**Q** 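Before anything else, here's the structure in question.
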Amino acid sequence: MDSALSDPHNGSAEAGGPANGKTRPPSTPEGIALAYGSLLLMALLPIFFGALRSVRCARGKNASDMPETITSRDAARFPIVASCALLGLYLFFKIFSQEYINLLLSMYFFVLGILALSHTIRSEGSLQRLKQLSREPGQGLG
């Protein structure tokens, strides 16, 4: 028997199915191809358009205004640094339990969300718009 079919967490009907009695429709090769194709497209399009925009932006600048480029020493060092980072992540996930990793990620995204929200609220345009809305009669904030 295939191990994916016996896994109770994949939502298959053989594992008892979901609690509400409904089962997932089986995946088809066309559906899988569509999912992976769209994932590939969503990964490549931002890279392509970002690179295209970067080239257009670089054409209009002087050589002194150009951003720093990667050197051959940096390019040679990259695989070593990336391998060390992957080894560190592997060890991190092996040492710590899933609960602690989830807690750390939740705290990280919570703090980032608070910082982003406070930065958005503190921007000059947002404060002026809030003041304008509070002065207008009949218009509230909500």
Side-chain angles (χ1 to χ4, degrees), residues 1-134 136 138-142:
M1 179 185 261
D2 189 17
S3 63
L5 290 176
S6 63
D7 184 16
H9 298 293
N10 71 356
S12 63
E14 296 173 357
N20 62 3
K22 297 180 181 176
T23 60
R24 258 186 352 184
S27 60
T28 62
E30 294 85 12
I32 293 173
L34 178 67
Y36 283 125
S38 62
L39 185 64
L40 181 69
L41 192 67
M42 287 186 284
L44 291 179
L45 281 179
I47 294 170
F48 175 76
F49 286 116
L52 190 65
R53 185 174 177 192
S54 173
V55 168
R56 285 184 190 158
C57 182
R59 285 185 188 155
K61 293 185 177 182
N62 298 342
S64 62
D65 294 339
M66 290 296 291
E68 184 179 335
T69 59
I70 189 168
T71 64
S72 59
R73 182 177 178 209
D74 293 335
R77 192 184 307 164
F78 175 75
I80 297 167
V81 172
S83 297
C84 290
L86 286 174
L87 177 66
L89 282 172
Y90 172 77
L91 292 175
F92 179 77
F93 283 109
K94 279 294 185 184
I95 293 172
F96 295 107
S97 68
Q98 184 179 359
E99 293 85 23
Y100 292 124
I101 294 170
N102 286 340
L103 179 65
L104 178 71
L105 287 174
S106 298
M107 294 296 291
Y108 174 73
F109 285 116
F110 175 75
V111 170
L112 281 182
I114 294 296
L115 290 175
L117 187 61
S118 66
H119 179 72
T120 302
I121 290 174
R122 288 182 182 221
S123 69
E124 189 71 29
S126 297
L127 288 176
Q128 288 178 356
R129 181 70 181 142
L130 285 174
K131 288 177 184 176
Q132 180 185 4
L133 283 175
S134 65
E136 293 176 6
Q139 297 228 354
L141 292 177

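For this chain, numbers begin at 1 and follow the sequence in order. All values reported here derive from a predicted model rather than from experimental measurement.
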**Q** By side chain to side chain donor-acceptor pair (under 3.5 Å), which residues pair with E99, not counting sequence neighbours?
**A**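 Partners of E99 by the side chain to side chain donor-acceptor pair (under 3.5 Å) criterion, ordered by chain and then number, come out as S97.
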**Q** Which residues pass the side chain to side chain contact (heavy atoms under 4.5 Å, CB included) test with T71, not counting sequence neighbours?
**A**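 R73, D74.
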**Q** What donor-acceptor contacts under 3.5 angstrom involve side-chain atoms of residues 108-118, with partners at least two apart or in another chain?
**A**
residue, atom, partner, partner atom, Å
S118, OG, I114, O, 3.2
S118, OG, L115, O, 2.9

**Q** Checking F92 now: which residues fulfil ring pair (Phe, Tyr, Trp, His ring centres under 6.0 Å) with it, not counting sequence neighbours?
**A**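 Once residues adjacent in sequence are excluded, the partners of F92 under the ring pair (Phe, Tyr, Trp, His ring centres under 6.0 Å) criterion are F96.
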**Q** With a 3.5 Å cut-off and sequence neighbours excluded, list the donor-acceptor pairs that the side chains of residues 82-90 form with protein atoms.
**A**
residue, atom, partner, partner atom, Å
S83, OG, P79, O, 2.8

**Q** Donor-acceptor pairs are to be reported for all side-chain atoms of residues 39-53 against protein atoms at under 3.5 Å, with residues two or more places apart or in another chain.
**A**
none

